[in-house]
Structures are given as C-alpha cells and as structure tokens.
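Heads up, the thing below is written out as structure tokens.
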Amino acid sequence: MNLVPSRPPVLTLPAFTTAHSHAFQRALRGKTQRPGPATQDDFWTWREAMYRLVDGLTPESVEAIARAAFEELYRCGVRTVGEFHYVHHAPGGAPYEDPNELAHRVVRAALESGLRITLLRSIYERAGFGRSLARGQDRFVDRSLDASLRAVEALQKAYANEPRVRIGLAPHSTRAVNPSSWKEILGFAGAHAMPLHAHVAEQPREIDECLAETGKRPLEFLADEGAISSRFVVVHGTHLLEHEAAMLGQARSFVCMCPTTERDLGDGLPNLGALRSSGVRLCTGIDSHVVCDPFEDMRGLEVHERLRTRKRVAAARAGHPAAELWASASTEGAEACGFHGEGPALTVRTDDPFFAFVDDGDELDALVFSGSRALDGLLT
Ligand SMILES: [Zn+2]
C-alpha cells in the first residue's frame, strides 16, 4: 500500500462515447417504476408507456428533452453520442414540412451541448410480423422505403461539412423492417460506407417472431442478407447464441450493450464470454437514459458477467480488463459511430481523495471498478 503516491496529478483518457441513445426517452425518468394494471410488467408494458410519451412530443419538446439528456451526458464525461433516432413525423404520421425537422433539432441539441453526434436515422416499417401499428408508432413510419433513404441522403448533404456530425443508417430491427426491404437498405449503407446499427436479439419474442416469419433467427437472417461487416453494430445482442457471436467476431462487427437499460427492462444477461472470445468489438450505450452514468454501463459489462457466471472473470482472463472496458466505453464506441482516429480526451485529477490508498499504476482499475458520475469534479 502506498500512502503517499508519487503519481502525476492528472491522467489523460479518451472521453466516453455512448453508442446507443434514444434521447427523448430521458423524459420517462421516474415514470415507469410502479406496477401498472397489467398482470405482467416487462419490456412490452414499458414500451406502452414510452409510446404514450411519443404521442405528445412536439418539435420543441424533442429538442428540449434532447438538450437536457445531452447536457447531462456531457457533465458525465461523454463527448460522442450515437443517437438512434426514430421519431420522425407529426402525430398521425404526416411528415413535417422538412421531413428531417426532428433529426435537425436533435443534432442541434447535441452540438450545443458540446457533443459529437452520429445521427443514426432509423427505418421503421411496421409494428411486427402480422401486427398493426400501435398508437404512437405512426410517427416512426415513412411513406416508403424510398422516402426513408431520401431523408438519409438529405441529412448527409446537410452535414457534409460539419466534422462533429456523422450520419448512419438504423433499420430498427427484424421485427420493424420487412424481410424484403433489407437488401436495398444494406446496399444503400454499403454504397455510402455508413455505420449500420440495428436492435438484434433483445427479446425472446422478437426471435420467435422472426423464426415464424423467415425460419431463421434475427442474426441468421441478417447474415444471409449480407448485413454483417465491420460497420455493423448489433444493439443489445442479449440473446445471441455462440454461432451468432462467432459470425460477428469473424467480421469484426460490434455489439453495443446497454447494461443499465437492459437491467431496468429485465431483458436478460448476454453471454459476454462468447462474444469476447469470438473477437466481437464491444461498446456501450445509455439507451433509455434511465441511468446517466457511463461508469455504470462500462463496468456493467464485466460485473453482470460475474453475476451470470458466478466467477470473477476479470481474474481469469489475460490482459488488463480495466483498460479493455475503458476502450469499450470510449474509442470502440466512437469507431462504431464512424468517428475514426483520435477523439476528445478527459483529464482525471489523481490528487482527489478518491485515489487515497490506490497504488501507483492502479488508478485506471480504481476508476473503472469504483468510479461514478458522482466524481463529476474529477473529470474535465
Ligand atoms: Zn434502442
């Protein structure tokens, strides 16, 4: 134990990235934590509350909520956000005069909060196999696939000269996109070399429905359509099987986990060991903004796996787990969002009492496994 550390007074680290965010869901904070009238409270009942929120959003409130969410992220050390943006239209589904009105407001909120943003423009065609649109969902659906792709092109053009903005494509999920649309969507993303993000295997029901419709699990279906590449980001991947992890690892694809949201929604625990050993690149996302603390999402990867396997897996692996986790929560997320090369950095004051009794050389381990946003003052 070193009571008088001789360490330099600051540590410089890559700033956090949250590679999967739905900023408007920040307004659900505190609203979904009491039992409702349903006998079962799960992801799908939470989603009904989320749709009620969507129903009342205006362009002004979308921007104000995003601004609050992004300013909070900035205070926690986040400098890059992947915003999976899927509320596009007015209530009832009519496009705004500028079909990208809401996207522009979200981008503006990010830039004014000091963040870089990848606007992952979603494509959402249906409620699900054999299901009709629920109230609120009409705000997600474009008039045609062509209209969706034209909106993406318009966004690319609008931000072509803004280095803090990237545009990516986000076909929502196999549930919400018609099987016949994927080829064109993937061709478009490939031609523009865009980041491609999709929710995959978050819920068993989504997997069952995809099996019923296509005879394949979601990731198997997407692999056959040609989705898997080094630009592909699987969001959640909670219920992926080992052969699916292997396909993603081989292509150097990403899996973006959102531990604080996944545990809030009761999604389940992913098989992180299989993903790690396959070579998948891991990153993290705040997703529903239920907890705004990048430390929690970062170490959630590791400590949730410890709960699942009842092992202290960090001790059983080679390498430096804290360094890998920080990379997942920062540079890997930025890569998943299409920001390559050196990005924003944070400096951490190591003369803070937080580091008392921490040995020289263990500062990163202390930060990753014991730090929190409560240390706002540590990060500049
Ligand atoms: Zn999501």
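In each ligand, atom 1 is the first atom listed, and ligand 1 is the first ligand listed.
For the atom pair CG of Leu155 and CG of Leu169, the computed distance is 10.5 Å after rounding to the nearest 0.5 Å.
The Zn ion (ligand 1) does not have His236 among its coordinating residues (no N/O/S atom, backbone or side chain, under 2.8 Å).
The atom name of the N/O/S atom in His22 closest to the Zn ion (ligand 1) is NE2.
Within the 4.5 Å cutoff, side-chain heavy atoms of Phe354 are placed close to those of Ser370.
Under the 4.0 Å criterion applied to side-chain N and carboxylate O atoms, Arg47 and Glu202 are not assigned as salt-bridge partners.
Vertex the Zn ion (ligand 1); arms to His20 NE2 and His199 NE2; angle rounded to 10 degrees, 100°.
Partner of Tyr124 under the side chain to side chain donor-acceptor pair (under 3.5 Å) criterion, out of His172, His88, Gln137, Arg139: Gln137 alone.
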